[in-house]
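Chain identifiers are assigned alphabetically (A, B, ...) following the order of the sequence lines, protein sequences preceding nucleic acid strands; residue numbering begins at 1 within each chain. Both backbone and side-chain heavy atoms feed into the values below; hydrogens, waters and symmetry mates do not.
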Amino acid sequence: MPVSDNRFFHRRTRAKKNVLTGADRRGYQGSREAMTDYFTGVEQPRVERAAVMIRTMKFIRSGEHKAPAAGMTAKSHALYEFLMASARIELSEKELFSVTVADAKAYLGIQHCGRLREYVEAINNTEVTYDFRIKGYARSQPVPLLSCSFETDEKTDEQRIAYSMPSPVRDVILKSRQYAMLEINAFRNFSCKYTARLYPRLALLAGMDIRKSLVYRPEELAEQLGWVWTGKFHFGNFFNRVMKPVLEDLRHVYRFRVSYDVKQGSGRGSPIAEIVLSVTRATKKLREYPKATISDFELQFIRAYDLHIPPRIRPSEDLLRHAASKTGLEALDIQNRWKDAYKRIAANPDAPIGRSGTVTGHYILLALAGPRGVGEAFETWIEDYEPPILVAGQTAIVDADDVAAPVIYAPSPRSRSRIELAKEEAERVLHALNGFDPSGAYRPKFPISAFYFESYCDPDIPIWAWIDASQNVAAALGVLAQAELDTLKIHLRRMMSAIATQDFAKVEEIACEILSEARLAPARPRFPKRQGNSSIIGNDEAIACNSGCVDLESADALGH
DNA sequence: AACAGCGCGGTAACGGTATG
DNA sequence: CATACCGTTACCGCGCTGTT
C-alpha cells in the first residue's frame with residue numbers, strides 16, 4: 001500500500017493559525033449537573049485533559065509526609081478532578097474558580113464537611129512537576145496541584161470552595177492541541193488511589209486512532225504511579241496491591257476496556273520483565289461527533305419535510321447534523337431514512353434492525369416512550385445503523401397517534417439522601433414494569449423488556465447500593481437474573497414497591513423468599529446492619545493470573 | 001541465588017452513628 | 001451544624017515458602 005494513502009502519516013502544518021487549541025474548545029461534554037446529580041449522570045460527562053499534563057505530571061512531595069502524594073487518596077484525587085472539570089468550563093474567562101460545598105459533597109457522595117476539608121488539605125499540600133516547554137516555566141519547578149480555600153458567600157450564606165490553578169497549567173490547557181477525554185464520574189467510583197493516576201494515560205491511548213500497547217518494566221510503571229517501596233522491588237506486592245485493584249476499578253470506565261499481559265524475562269526465579277497494557281478504542285456518542293455543516297438550500301428541504309413528520313418522532317436539526325458527520329451521509333438523506341425506518345418499526349417492531357441484528361424495533365419504541373423521547377430513539381437507531389436496500393413501492397402508513405407520548409420526569413433536586421434516591425428510582429422501575437404508559441398504549445414485548453429488567457438484577461447498580469443491599473438481596477438478584485421473565489417481573493415489582501414505600505425489612509423478606517424458592521439457604525437476616533463488601537457478584541474471574549481482560553461494560557448501571 | 005507468591009499484622013483513611 | 005467515636009476498608013512493611 002502506498003504510504004500516501006494512509007492518512008495517519010499526513011502531517012499537519014505546524015503553527016497554523018486555524019488549528020484548534022484548548023481555548024477554542026469547551027473542553028467539557030455533557031451537562032454540568034451530570035457531575036452532581038445521579039439521574040442526569042447516566043450520560044457520563046467527559047472533560048479533557050491536556051496530553052502533556054498526563055504524560056509529564058509527577059508527584060513530588062506532600063506536606064510533612066515523606067512519600068510523594070501521600071495524602072492523595074482515591075477520594076481526594078476525585079475531588080481534584082471535580083475541581084479541574086468545573087474550572088474547565090469557564091477556564092478561558094476566569095483565573096479564580098469556585099464550587100459550592102454542597103456540589104462537591106454531592107459529587108463525592110459524602111455527608112461530612114470534615115472529610116471534605118481533609119481532601120482539600122491534601123490537594124493544597126501536594127506538589128507536582130510538569131515538563132512544560134513554555135516561557136517562564138522552569139521544567140523542574142514544583143507547583144501546587146491547586147490552591148484551595150473555603151469561603152462563605154455573604155449574600156446567600158452558602159459555603160464554597162474557591163480555588164485557582166498554577167498559571168502555567170492554565171496556559172497549557174488553553175494552548176493544548178492534544179488531549180484525552182476523561183469520564184469525570186468514573187473518578188468518584190474509584191476505590192484505589194492508583195487508578196486515578198493510570199486512567200488518564202489509558203484514556204489518552206484509547207482516544208487515538210493507532211493504539212500501540214503501553215509496555216512498562218514493572219518498576220517503571222510503579223514509579224509512574226507513585227507507588228513507593230522499601231528495599232528491593234517486589235513484583236508480587238506491586239501486582240496484587242496496585243495493578244489488581246486498579247484493573248478492577250477501571251470497570252467504572254464506560255468508554256473503553258483494558259487488557260493486560262505480563263511477559264517473563266530470562267534468568268533465575270522467573271522474573272517479570274514487562275507489563276503490557278492495551279485498550280480498546282473509546283466509543284463515541286452521537287452528540288460527540290461535530291455538527292456537519294448543511295447548506296441553506298438543504299436546510300430548506302429539511303424544514304419543509306419536517307412538516308410531514310409527527311413532532312414526537314422528529315429528530316432535531318442538530319441531531320441530523322451530528323448523524324451526518326458520523327455516517328458521511330447528507331442530513332436530508334438521513335432524515336428520509338429515519339422516517340422510512342420508523343415506518344418499518346411501527347409496522348413490525350419484532351423485526352431486527354441495524355447492523356448487529358440484535359436490536360429490534362422494540363428498542364427504538366422503548367426509547368421513544370422513555371424520558372428522552374425521540375433524541376434517544378434516533379441515537380439508538382443511528383448507533384447501529386445499516387443502510388437498507390430500498391425496495392420500490394414499499395410503503396407503510398404512519399399514524400401519528402400510535403406511539404405513546406414520552407413520559408417526562410421532573411428534574412431531580414440536589415443533595416437528596418440515598419433513601420430518597422432509591423425511592424425515586426424504584427418508582428421509575430415500577431413505571432417501566434407497568435409498560436411506561438399508564439394508559440397502556442405501548443407495552444414493550446419480550447426481547448426488549450427482558451433486556452431492560454434483567455439489568456436491574458445487577459447488585460452493583462446504585463439502587464441496591466443506596467438501600468445498602470444485604471448478601472441475601474444480592475444472592476436473590478442473582479437467582480432472579482436466571483429466572484423466567486414473568487417470575488423476574490413479579491419479584492422485581494414486589495421489591496421495588498417495598499423500596500418505594502421505604503419498607504426495607506420487606507425487601508429482605510422477599511429476598512429470603514426468593515432464595516428459599518430456589519432452595520438456597522438464606523444467610524441470617526442482616527438488615528439493617530451493613531455487611532461490608534457484599535454486593536459484587538461474578539467479578540472474581542475478571543482478573544486472571546497471567547493475563548486477562550476486565551469487562552468495563554458489564555458495569556453499565558441502569559442500562560437504558 | 002534471585003525471584004514471585006502469599007499471608008500476617010500494623011496504621012491510616014473511610015463511612016456511618018451518636019453526642020454536644 | 002460540628003465533633004467524637006468506632007467498625008470497616010485501603011495501604012504497606014515484612015518475612016517465610018516454593019520455583020527456576
Side-chain angles (χ1 to χ4, degrees), chain A residues 59 62-80 100-102 104-123 125-126 150 152 157-160 187-198 217-219 221-223 225-249 252 261-275 415 417-419 462 465-471 504 526-536 539 543-547:
Chain A
F59 292 97
S62 172
E64 294 159 14
H65 303 278
K66 284 174 195 164
M72 290 303 286
T73 63
K75 275 276 189 276
S76 48
H77 200 121
L79 177 62
Y80 163 71
T100 66
V101 163
K105 279 158 72 180
Y107 171 78
L108 293 169
I110 58 169
Q111 311 293 325
H112 293 263
C113 283
R115 294 268 180 262
L116 194 63
R117 268 192 218 103
E118 286 172 25
Y119 306 145
V120 165
E121 198 181 339
I123 291 172
N125 287 337
T126 302
F150 282 89
T152 308
D157 218 33
E158 195 176 38
Q159 273 201 301
R160 305 183 72 93
F187 286 98
R188 68 167 161 209
N189 291 321
F190 294 158
S191 60
C192 168
K193 66 179 179 182
Y194 301 105
T195 313
R197 303 178 194 175
L198 183 62
R217 282 181 303 106
E219 284 179 71
L221 181 55
E223 203 175 339
L225 298 181
W227 190 64
V228 286
W229 65 92
T230 53
K232 265 196 303 187
F233 179 79
H234 204 110
F235 178 81
N237 279 348
F238 171 65
F239 201 78
N240 286 316
R241 293 169 179 191
V242 179
M243 292 314 290
K244 272 190 184 177
V246 164
L247 291 163
E248 171 65 17
D249 255 358
H252 296 297
D261 201 3
V262 289
K263 297 251 163 79
Q264 248 182 34
S266 57
R268 289 168 169 163
S270 52
I272 302 299
E274 286 175 350
I275 298 177
S415 306
S417 74
R418 300 168 119 202
I419 303 300
W466 285 331
I467 69 159
D468 208 3
S470 70
Q471 282 179 353
F504 302 111
R526 281 164 166 145
F527 187 84
K529 202 75 188 157
R530 184 186 170 84
Q531 280 303 306
N533 190 11
S534 62
S535 58
I536 293 169
N539 278 329
I543 297 166
C545 181
N546 259 346
S547 69

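One finds a side-chain N or O of A:Lys75 lying less than 4.0 angstrom from the OP1 or OP2 phosphate oxygen of B:dG15. Phosphate proximity of B:dA2 to A:Ser270: absent, as no side-chain N or O sits under 4.0 Å from OP1 or OP2.
In this structure, the CD atom of A:Glu274 is 14 Å from the P atom of B:dA4, given to the nearest Å. Taking atom CG of A:Asn237 as the reference point, atom C1' of B:dC3 lies 13 Å away to the nearest angstrom. Atom CE of A:Met72 and atom P of C:dC11 are 13 Å apart (whole Å). Between the NZ atom of A:Lys232 and the C1' atom of B:dC3 there is a distance of 7 Å, rounded to whole Å. Spacing between atom NE2 of A:His77 and atom P of B:dC14 amounts to 14 Å, rounded to whole angstrom units. Atom CD1 in A:Ile110 sits about 15 Å away from atom P in B:dA13, given to the nearest Å. Regarding A:Gln111, its CD atom lies at a distance of 22 Å from the P atom of C:dC5, rounded to whole Å. As rounded to whole Å, 15 Å separates atom P of B:dA12 from atom CZ of A:Arg115.
The heavy-atom pair separating A:Ser76 from A:Ile123 by the smallest distance is O-CD1, 3.7 Å. Of all heavy-atom pairs between A:Tyr119 and A:Ile110, the closest is CE1-CD1, 4.0 Å.
When the nucleotides C:dC14, C:dA2, B:dC14 are ranked by their closest atom to the side chain of A:Arg117, C:dA2 comes out on top. Checked against C:dC12, B:dG15, B:dC6, the side chain of A:Trp227 finds its nearest nucleotide in C:dC12. Comparing B:dG16, B:dG7, B:dA13 by their nearest atom to the side chain of A:Thr73 picks out B:dA13. Side-chain proximity of A:Lys193 to B:dA4, B:dG16, C:dC12: nearest is C:dC12.
Each of A:Ser76 and A:His112 was matched to the nucleotide of DNA chain B holding its nearest heavy atom; the match closer to the 5' end belongs to A:Ser76. Nucleotides of DNA chain C nearest to A:Arg268 and A:Ser191 differ in position, and the one nearer the 5' end is that of A:Ser191. DNA chain C is contacted by both A:Trp229 and A:Cys113; A:Cys113 maps to the nucleotide lying nearer its 5′ end (nearest heavy atom per residue).
Checked by distance alone, A:Arg241 brings a side-chain donor or acceptor within 3.5 Å of a matching partner on the base of B:dG7.
Within the nucleic acid shown, A:Phe238 has no heavy atom closer than 4.0 Å to any nucleic acid atom. Within 4.0 Å (heavy atoms only), A:Asn240 reaches no atom of the nucleic acid at all. Backbone-only contact: A:Tyr194 has heavy atoms under 4.0 Å from sugar-phosphate atoms and none from a base.
A donor-acceptor contact shorter than 3.5 Å is absent between the side chain of A:Asp249 and the backbone of A:Thr195.
Side-chain rings of A:Trp227 and A:Phe238 approach one another, their centers coming within less than 6.0 Å.
The environment of CD in A:Glu274 is crowded: more than 12 heavy-atom neighbours from other residues, nucleotides or ligands sit within 6.0 Å.
With A:Phe59 as the aromatic partner, A:Arg197 meets the cation-pi criteria of under 6.0 angstrom to the ring centre and within 45 degrees of the ring axis.
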